[in-house]
Amino acid sequence: MSEIPQGWHSTTLAAVAQLKTGPFGSALHKSDYVAGGTPLINPSHIKHGELQPDDAISIDANALQRLSEYQLQAGDVVMGRRGEMGRCAVVPARAAGWVCGTGSVIVRPSSAILPNYLQRMLSSPGAVERLNGESVGSTMVNLNQGVLLGLPIALPPLMEQQRIADKLDTVTARVDA
């Protein structure tokens, strides 16, 4: 990481967040899927920093109970861990209780970092470049927890984090318009 402003410090994702990889293997079965159940968030459901679930990719009440450890909480950042790196979104209150899917990871921020700032850091060009360089796989790249936990994070004070995230939201809205 290059020089950082005074009052900021350089750290890693491991120091400011906990990770939980979505279920895989025999934890989730095709028979668990129902239309209109609890949404399952895979990387394809994370678009432009927002969660956009597919009604057909949801799970029934039995699967929800079995997979309760993968439920998202408001303020979590859910991130794709395979395919396109940097695809992530802050979980809004309306999505609390949805479930992290197979190709995603829950990034649960500590009180040292704001979710909206963390989401912007994880989707920044520098982070995406580093994650792409350290991902494995030839057909579809995959990200392991060790690589993600070691990701360098420039950590400003909380008020500065909010200011940066707000400014990026404003600029993004102008670009989108």
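All values below were derived from every heavy atom in this structure, side-chain atoms included, with hydrogens, water molecules and symmetry-related copies excluded. Because the structure is a prediction, the values reported are computed rather than measured.
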Check your understanding: For Glu50, does the CD atom sit with more than 12 other heavy atoms under 6.0 Å from it, leaving out its own atoms?
Key -> no
Check your understanding: Just wondering, are more than 12 heavy atoms of other shown residues or ligands nearer than 6.0 Å to CD in Glu129?
Key -> no
Rounded to the nearest 0.5 Å, what separates atom [atom1] in [X] from atom [atom2] in [Y]?
X: Arg87; Y: Leu131; atom1: CZ; atom2: CG; answer: 14.0 Å
X: Leu51; Y: Arg94; atom1: CG; atom2: CZ; answer: 6.5 Å
X: Ile153; Y: Met121; atom1: CD1; atom2: CE; answer: 4.5 Å
X: Arg120; Y: Asn116; atom1: CZ; atom2: CG; answer: 8.5 Å
X: Leu67; Y: Leu28; atom1: CG; atom2: CG; answer: 6.0 Å
X: Met85; Y: Arg130; atom1: CE; atom2: CZ; answer: 14.5 Å

Is there side-chain contact between [X] and [Y], with heavy atoms separated by less than 4.5 Å?
X: Ile106; Y: Val91; value: no
X: Met79; Y: Leu143; value: yes
X: Ile164; Y: Pro156; value: yes
X: Glu160; Y: Pro5; value: no

Linking I/L/V/M/F/W/Y whenever any side-chain heavy atoms sit under 4.5 Å apart, do [X] and [Y] land together?
X: Val147; Y: Val77; result: yes
X: Ile57; Y: Leu64; result: yes
X: Leu122; Y: Trp8; result: yes
X: Val78; Y: Val128; result: no
X: Leu72; Y: Ile59; result: no

Can you give the donor-acceptor pairs under 3.5 Å from side chains of residues 33-48 to other protein atoms, not counting sequence neighbours?
{"residue": "Asn42", "atom": "OD1", "partner": "Thr102", "partner atom": "N", "Å": "3.2"}
{"residue": "His45", "atom": "ND1", "partner": "Leu40", "partner atom": "O", "Å": "3.1"}
{"residue": "His45", "atom": "ND1", "partner": "Asn42", "partner atom": "N", "Å": "2.9"}

Would you find a donor on one side and an acceptor on the other, under 3.5 Å apart, between the side chain of [X] and the backbone of [Y]?
X: Asp32; Y: His29; value: yes
X: Ser110; Y: Val16; value: yes
X: Ser123; Y: Gln119; value: yes

Exercise for review: Apply side chain to side chain donor-acceptor pair (under 3.5 Å) to Gln18 and list each qualifying residue two or more places apart in sequence or on a separate chain.
Suggested key: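 Side chain to side chain donor-acceptor pair (under 3.5 Å) list for Gln18, sorted by chain: empty.
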What pair of heavy atoms forms the shortest contact from [X] to [Y], and how long is it?
X: Ala15; Y: Thr11; value: CB-OG1, 3.1 Å
X: Val107; Y: Ala17; value: CG1-CB, 3.7 Å
X: Ile4; Y: Ala154; value: CG2-CB, 4.1 Å

Exercise for review: Quick one: do Lys20 and Asp76 satisfy salt bridge (charged side-chain N to carboxylate O under 4.0 Å, His left out)? Show the steps, please.
Suggested key: CA-CA 11 Å; Lys20 177 77 175 163; Asp76 284 346; over 6 Å; no
Point to revise | Residues Leu118, Gln161; criterion side-chain contact (heavy atoms from CB on, under 4.5 Å); working and verdict | key: CA-CA 9 Å; Leu118 177 58; Gln161 290 178 37; over 6 Å; no
